[in-house]
Asks: 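First the structure, which I've put down as structure tokens, then a few questions once you've had a look.
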Amino acid sequence: MFVVDKYIDYVKDEAIQHPEKSWDKILLGFKANKWRTRLLPNKNISKGYQKLESMMMGLVADSLSREGSYVWGNIFAPCELMQCFGLRTLSIECLSCYMSGYHLEDYFIDYAQNIGIAPTLCSYHKTFVGGVESKVVQKPEYAVTTSLSCDGNLNTFRYLEKKAKVPFTFLDVPYADDVDSISYLADQLRQLAKTLEERTGRKFQEEQLKEILRTENETRAELMKFFDYQKTYYYPGELISHLYMMMGMHLLIGTREFLDLIRFMNEEIQKAPLFEGKRILWIHLMPFYQESLKKYFNSSKKYQIIASDIILDFMEELDAEHPFEALARKIIKNLYNGSYAYKAKMIGQLADHLKPDAVIHFCHWGCKQASGGSVLLKEKMQEMNIPMLILDGDGIDKRNSHDGQIKTRLEAFLELIETGDVTC
């Protein structure tokens, strides 16, 4: 670990002092970590989560190393459509997390704010804007984003188009789940396919998209089996394992490699010992760096995060024979689309299926939807007699999270669910 820490410090210094020379060094670290996760996996977690970590490291390292192989997106951009053109989708939120591996998030956030970016903007977006503006993060040729679910998406991508000259497609997602709304969004997706044809020189094959959606349906069905198994079996993972799973479900869904991984996890978990602790349903973002949360949830036999809403934000079967309408419906029916009352209802259905012992809602600093709607969700959980803890913090900027406060509140809550008092 000494060598790794020294390299991280070296790259951070290079990014600050010589930003134009640091990108290759950042990529070298990503590639090294890809091979480390394959050759020296984390022995504290299950083999399935080991494979997942390696897959996500490979996705980022390989994509960033191949010019023209990826587009920027937000996590709700339709990666299935980009796959038809041989493109990977790298969300700016996830890339910000990877930059934090070099402890660069604070520098990038301060850089963004010093050039006039509002302090109230989501820190994931500020990290990414600062990375681009500081000339550290290299740009692709294109980007795709949606109006779902963050207000900052459109403004961030507009800013990157203006400053970094990265053109983008914006998908305007309606709230209503009706025929006209689905048709409206499906037409935007068809236009996106035409745009990608022009940009890549590749002919769009609708049958390929249909096959991707069939694979996606299989993957989603297997994933629901996995989460059902997690109600019964102990399957050790870490906070970051759930971040990687979220990445897989939004950036690699529809690929055979991800489907094969979930099938492997289902085979492995059925051989695992029974889990006799408390099962937690996690809501919103995962602050993977938070020390107190890692202490209680990393490979814990007492408290197991069995699922996260951002992984299970859409769980219906897609009509692969009408692929554009199916993708439109998937985006519109995402539980992060529309009012928080809709989200609370969908999470209630999820909780009814997964039977968690408790729910933890993490309110990411700068995310108005999470902070504003958390009380509605708590009321829904009270109706269902499920204890819920609301934690305030920041998913990436450590300076906005106070570990002492989180530790105090978390320990009190865990003691509460151990005693069976669900009056919170």
Side-chain angles (χ1 to χ4, degrees), residues 73-83 89 91 93-94 144-150 153 171-179 181-186 188-189 192 209-228 230 242-255 258-259 261-262 281-286 306-354 369-370 373 377 380:
N74 72 328
I75 63 168
F76 302 112
C79 69
E80 302 94 333
L81 200 50
M82 270 68 87
Q83 290 170 27
T89 307
S91 81
E93 301 94 341
C94 293
V144 180
T145 192
T146 72
S147 57
L148 176 73
S149 65
C150 174
N153 278 324
L171 298 173
D172 180 28
V173 182
Y175 285 168
D177 175 23
D178 54 38
V179 174
S181 296
I182 290 172
S183 178
Y184 170 68
L185 184 53
Q188 293 180 63
L189 293 168
L192 173 58
L209 180 57
K210 290 180 180 179
E211 183 57 31
I212 289 171
L213 297 190
R214 294 185 193 106
T215 301
E216 179 169 342
N217 283 334
E218 291 183 66
T219 305
R220 193 168 283 112
E222 290 292 328
L223 188 68
M224 284 309 299
K225 291 180 186 178
F226 173 74
F227 286 128
D228 281 336
Q230 278 214 125
H242 301 279
L243 172 64
Y244 291 141
M245 183 64 79
M246 182 274 291
M247 288 177 63
M249 282 298 291
H250 290 86
L251 307 181
L252 285 179
I253 188 70
T255 64
F258 191 63
L259 171 58
L261 171 64
I262 303 302
L281 174 60
W282 192 275
I283 306 301
H284 205 44
L285 301 173
M286 188 70 65
I306 57 171
S308 165
D309 72 319
I310 207 165
I311 296 172
L312 298 170
D313 51 8
F314 175 85
M315 295 307 297
E316 297 180 16
E317 185 171 347
L318 299 171
D319 179 5
E321 294 307 308
H322 301 89
F324 287 104
E325 286 75 17
L327 276 179
R329 191 166 186 270
K330 172 190 173 183
I331 297 171
I332 289 172
K333 293 205 70 175
N334 188 293
L335 65 81
Y336 277 81
N337 187 40
S339 70
Y340 203 98
Y342 169 70
K343 178 177 178 178
K345 174 185 174 183
M346 298 305 294
I347 292 175
Q349 294 177 6
L350 186 60
D352 187 58
H353 177 81
L354 294 175
Q369 186 203 57
L377 182 59
K380 180 65 178 178

Asks: Donor-acceptor pair, distance only, cut-off 3.5 Å: does the side chain of N217 make one with the backbone of E317?
Replies: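 It does not hold such a pair.
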Asks: To the nearest 0.5 angstrom, please state how far the CG atom of L281 sits from the CG atom of D309.
Replies: 7.0 Å
Asks: Please name the pair of heavy atoms, one in C94 and one in L251, separated by the smallest distance, quoted to 0.1 Å.
Replies: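 Between these two residues, the closest heavy atoms are SG-CD1, 4.3 Å.
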Asks: Under 3.5 Å, is there a donor on one side chain and an acceptor on the other for N74 and T146?
Replies: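 The criterion, which ignores hydrogens and geometry beyond distance, is satisfied for T146 and N74.
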Asks: Mind running side chain to side chain contact (heavy atoms under 4.5 Å, CB included) on L335 and F314 for me, showing each step along the way?
Replies: CA-CA 7 Å; L335 65 81; F314 175 85; over 6 Å; no
Asks: Run the side chain to side chain contact (heavy atoms under 4.5 Å, CB included) check on L209 and L327 step by step: do they pass?
Replies: CA-CA 10 Å; L209 180 57; L327 276 179; 4.2 Å; yes
Asks: Looking at side-chain heavy atoms only, is the closest gap between T219 and F258 below 4.5 Å?
Replies: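 They are in side-chain contact.
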Asks: Any sub-3.5 Å donor-acceptor pair from Q83's side-chain atoms to I253's backbone N or O?
Replies: yes
Asks: Could you check L81 against F324 for side chain to side chain contact (heavy atoms under 4.5 Å, CB included), going step by step and ending with a plain yes or no?
Replies: CA-CA 9 Å; L81 200 50; F324 287 104; 4.1 Å; yes
Asks: Could you tell me if the side chain of I283 sits less than 4.5 Å from the side chain of I347, heavy atoms only?
Replies: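 Sidechains of I283 and I347: in contact.
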Asks: Write down the atom of K380, the atom of G348, and the distance for their closest heavy-atom approach.
Replies: CE-CA, 4.1 Å
Asks: If you take all heavy atoms of A320 and L213, which pair is closest and at what distance?
Replies: CB-CB, 4.1 Å
Asks: With rounding to the nearest 0.5 Å, note down the distance linking CG in L259 to CG in L252.
Replies: 12.0 Å
Asks: So, taking the atom named CE in M286 and the one named CE in M246, what distance separates them when rounded to the nearest 0.5 Å?
Replies: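 The distance works out to 9.0 Å.
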Asks: Side-chain contact, heavy-atom cut-off 4.5 Å: L285 with L243?
Replies: no
Asks: Checking H250 now: which residues fulfil side-chain hydrogen bond (donor to acceptor under 3.5 Å, both in side chains) with it, not counting sequence neighbours?
Replies: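 If we apply the side-chain hydrogen bond (donor to acceptor under 3.5 Å, both in side chains) test to H250, skipping adjacent residues, the hits are D313.
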Asks: With a 4.5 Å heavy-atom cut-off, do H284 and Y336 have their side chains touching?
Replies: yes
Asks: Examine distances only and state if a side-chain atom of N337 and a backbone atom of P174 form a donor-acceptor pair shorter than 3.5 Å.
Replies: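 Judged by distance alone, yes, a pair lies under 3.5 Å.
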Asks: Which residue pairs pass the salt bridge (Lys or Arg N to Asp or Glu O under 4.0 Å) test when at least one of the two sits in residues 330-341, sequence neighbours left out?
Replies: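 As it turns out, the salt bridge (Lys or Arg N to Asp or Glu O under 4.0 Å) pairs with a partner in residues 330-341, which skip direct neighbours, are E80-K330, D177-K333, E216-K330, E316-K333.
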Asks: Can you confirm whether more than 12 heavy atoms, excluding those of K345, are under 6.0 Å from its NZ atom?
Replies: no
Asks: Go through T215 and T255 one step at a time and tell me if the side chain to side chain contact (heavy atoms under 4.5 Å, CB included) criterion holds.
Replies: CA-CA 7 Å; T215 301; T255 64; over 6 Å; no
Asks: When you compare the side chain of R220 with that of L318, does any pair of heavy atoms fall below 4.5 Å?
Replies: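 They are in side-chain contact.
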Asks: Would a 4.5 Å heavy-atom cut-off, applied to side chains only, mark I262 and M245 as touching?
Replies: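 I262 reaches M245 side chain to side chain.
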Asks: Write down the atom of L189, the atom of P78, and the distance for their closest heavy-atom approach.
Replies: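 Looking at all heavy atoms of both residues, the closest pair is CD2-CG, 3.8 Å.
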Asks: Applying salt bridge (Lys or Arg N to Asp or Glu O under 4.0 Å) to R329 and D319, what does each step give before you reach the verdict?
Replies: CA-CA 10 Å; R329 191 166 186 270; D319 179 5; over 6 Å; no
Asks: For D172, enumerate each residue passing the salt bridge (charged side-chain N to carboxylate O under 4.0 Å, His left out) test, keeping only those at least two apart in sequence or located in another chain.
Replies: none
Asks: Does the side chain of D228 come within less than 4.5 Å of K225's, by heavy atoms?
Replies: no
Asks: Hey, does L171 have a side-chain heavy atom less than 4.5 Å from the side chain of F76?
Replies: no
Asks: Can you tell me how far CD1 of I331 sits from OG of S181, rounded to the nearest 0.5 angstrom?
Replies: 13.0 Å
Asks: Calculate, to the nearest 0.5 Å, the distance between atoms CG and CD1 belonging to L148 and I332 respectively.
Replies: 10.0 Å
Asks: Quick one: does T89's side chain have a donor or acceptor within less than 3.5 Å of a partner on G73's backbone?
Replies: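 Judged by distance alone, no pair lies under 3.5 Å.
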Asks: Could you tell me the separation between the CG atom of N334 and the NZ atom of K343, rounded to the nearest 0.5 Å?
Replies: 9.5 Å
Asks: Any chance NE2 of H353 has more than 12 other-residue heavy atoms, nucleotides or ligands included, within less than 6.0 Å?
Replies: yes
Asks: To check you understand the geometry: which heavy-atom pair defines the closest contact between A77 and M82, and what is its length?
Replies: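 For A77 and M82, the tightest heavy-atom pair comes out as CB-CE, 4.3 Å.
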